[in-house]
Every structure is written in C-alpha cells, then in structure tokens.
Amino acid sequence: MNNFKNLKPREKSLLLIMLSLLFIFFIYIIGTNAFSKILSSQNKLESMKSDYEHVLKRYQQMEKSVNSKLTNEKTKLWSSIRDYINSSDVIFLNSNLKDDNLELEVSSNSVENIIQFINDLGKKYNFEILSINIKRASDKFILELVINWLIGFL
C-alpha cells in the first residue's frame, strides 16, 4: 500500500486502468461461461422434452392398441375401466349395463377432476359418450356418464 502512494499519478492511473480491464475481463469470462451453461441446459431440456414426448406418444399408441384388443372381451374391458377409475381422482359409485350402453356413476370433490376424468376416459378408450350429467351434492359432484358399450374404440 505504501508503494502505491509513492507512485506517480500517471503510474497510478495506468495501474487502475489495468486493474479495471482485468476486472472487466474477469466479469466477461464469468458471463460467457454462465451464458454457455444456460444454452447447454436449454439444449438438454429440449432434447429431453423431445425424448419424453416421443416415449409418451409411443406409450399412448401401445395403450390404445391394448385397449382396442379388449373390445371383444367385455370382462377384461370392464376390469380395465375399473382399474382406471380406481387410479383416477374420482370415486366409483355405480354402474349399469342398459341395452348397449354402459352407465357409469362416479363422484369427486372437484368439477375439474370430473372434467379431466371424462377427457382421459375418452382418450384412453375412445368411447362414444352419449350423455354427460353432472349433479352437485352437498360437498361433492356426481357424474352420470352414458357410454355406447358396443361401439367403443371407433
């Protein structure tokens, strides 16, 4: 520190300029490195997202294939539907086979869960949904769904 005080003003300025340039260069290196890591992370994310979407699409194709084989085996189809209902956010209440139609009754605390259930059931089994009736009970919603049991898997 004493040596710095003994320097001439021109030498002090040059030394400060050199330190400033070193500091700016250091900040530049850190910024470039961070930017490079961000780009690398984004590329990895896009790659993983693409892989995930491919696997998901393939899984959905396989699931539809398996479900379409169930059309002639109504017991296995019903078992698959029950398993799906049990794994979803709705509670099974009742079912009835009337003419060629399957009437399902499920409940949930949220109407969003019921809407999601209807969408997922339609996608998963590709049923022709004939009617949808949603009722509000005291603390829950009840869905009455009528599905064309014979057509299924169009």
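A quick note: this is a predicted structure, and the numbers were derived from the prediction, not measured.
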For this session: Give the intermediate values and the outcome of side chain to side chain contact (heavy atoms under 4.5 Å, CB included) for residues I142 and L93.
Result: CA-CA 9 Å; I142 298 174; L93 297 177; 4.1 Å; yes

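Both V106 and V111 are part of a single hydrophobic cluster, where members link through side-chain heavy atoms under 4.5 Å apart. Using a 4.5 Å cut-off between side-chain heavy atoms of Ile, Leu, Val, Met, Phe, Trp and Tyr, with links allowed through other members, F141 and V146 fall into different hydrophobic clusters. Hydrophobic clustering (ILVMFWY, side-chain heavy atoms < 4.5 Å, transitive): I91 and Y84 are in distinct clusters.
In this view, S110 and E112 satisfy the side-chain hydrogen bond (donor to acceptor under 3.5 Å, both in side chains) rule, not counting sequence neighbours. In this structure, the side chain to side chain contact (heavy atoms under 4.5 Å, CB included) partners of N133, at least two apart in sequence or on a different chain, are K135, E144. Partners of K140 under the salt bridge (charged side-chain N to carboxylate O under 4.0 Å, His left out) rule, at least two apart in sequence or in another chain, do not exist in this structure. With sequence neighbours left out, the side chain to side chain contact (heavy atoms under 4.5 Å, CB included) criterion links R58 to Q61, M62. Annotation: side chain to side chain contact (heavy atoms under 4.5 Å, CB included) contacts of I24 (sequence neighbours excluded): none.
Cluster note: I30 groups with F26 through ILVMFWY side-chain heavy atoms spaced under 4.5 Å, whether in direct contact or through intervening members. In the hydrophobic clustering, V55 connects to no other residue, as no ILVMFWY side-chain heavy atoms lie under 4.5 Å from its own. The hydrophobic cluster containing Y28, built from Ile/Leu/Val/Met/Phe/Trp/Tyr side-chain heavy atoms closer than 4.5 Å, also comprises F25, I29. Its side chain outside the 4.5 Å cluster rule for every partner, I38 clusters with none of the Ile, Leu, Val, Met, Phe, Trp and Tyr residues.
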Tell me which donor-acceptor pairs under 3.5 Å the side chains of residues 8-23 have, and how far apart each pair is, sequence neighbours excluded?
| from | atom 1 | to | atom 2 | distance (Å) |
| --- | --- | --- | --- | --- |
| E11 | OE1 | K8 | N | 3.2 |
| S13 | OG | P9 | O | 2.7 |
| S20 | OG | L16 | O | 2.8 |

Expected list for residues 114-121: side-chain donor-acceptor pairs under 3.5 angstrom, two or more places apart:
| from | atom 1 | to | atom 2 | distance (Å) |
| --- | --- | --- | --- | --- |
| Q116 | NE2 | D120 | OD1 | 2.9 |
| Q116 | NE2 | D120 | OD2 | 3.1 |
| N119 | ND2 | I115 | O | 3.4 |

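For the atom pair CZ of R136 and OG of S107, the computed distance is 13.0 Å after rounding to the nearest 0.5 Å. The CG atom of N86 sits 7.5 Å away from atom OG of S88, with the distance rounded to the nearest 0.5 Å. Distance CG/L143 to OG/S108: 9.5 Å, rounded to 0.5 Å. Summarising the geometry, atom OG belonging to S87 is positioned 12.0 Å from atom CZ belonging to R82; distances are rounded to the nearest 0.5 Å.
Residue L104 comes nearest to S95 through the heavy atom pair CD2-CB, 4.0 Å, listed as atom of the first residue, atom of the second, then distance.
The side chain to side chain donor-acceptor pair (under 3.5 Å) pairs that include a residue from residues 47-56 number zero, where partners must be two or more places apart or lie in different chains.
Proximity of L130 to N101: side-chain heavy atoms (C-beta onward) are separated by under 4.5 Å at one or more points.
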